[in-house]
Every structure is written in C-alpha cells, then in structure tokens.
Amino acid sequence: MEILITALLIVILVVLAATVSALLRDGRGHTPPVESHEAWSALDLPSINYTLRVF
C-alpha cells in the first residue's frame, strides 16, 4: 500500500513540475515582427464624424 501511495505522489509531482515548466515556457517562442507594406488609409470611411452627418 505504501508503494502505491509513493508512486501516486511521484506521478503527481511529475505532473505538477511539467505543468509549471509548460507555463513558464509558454509565449517565449519566436514571434515574427509585424510588417506593414501598405500606407494606412481610411479606404471608404467618411471623412466627417457620424454625429455631424446626422444633422
């Protein structure tokens, strides 16, 4: 019985260690830079405020 409890505790510790390790490594991979190849434009948006167009 003691062997079963010891094995269960070891499994729980390994799972906890793997979880903590995955959380610490998450998001630290390669993130490519954001590139913009076109000049910004409003395209078909109106040039005046909506509240001014109502009146």
Side-chain angles (χ1 to χ4, degrees):
M1 187 69 173
E2 293 85 11
I3 295 174
L4 181 64
I5 294 174
T6 304
L8 184 62
L9 286 176
I10 289 173
V11 168
I12 290 173
L13 287 176
V14 168
V15 168
L16 285 175
T19 302
V20 169
S21 176
L23 288 174
L24 289 176
R25 286 185 288 120
D26 187 35
R28 295 186 182 180
H30 174 68
T31 54
V34 177
E35 297 179 5
S36 177
H37 299 290
E38 296 180 10
W40 184 87
S41 67
L43 300 176
D44 59 347
L45 294 177
S47 59
I48 61 172
N49 193 350
Y50 177 74
T51 55
L52 295 176
R53 288 187 289 142
V54 172
F55 297 112

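Each residue takes its place number in the sequence, starting with 1.
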Donor-acceptor under 3.5 Å (Ser21 side chain, Ala17 main chain)
no
dist Leu13:CG -> Leu8:CG (nearest 0.5 Å) comes out at 9.5 Å
In the hydrophobic cluster built from side-chain contacts under 4.5 Å, what are the other members alongside Leu4?
none
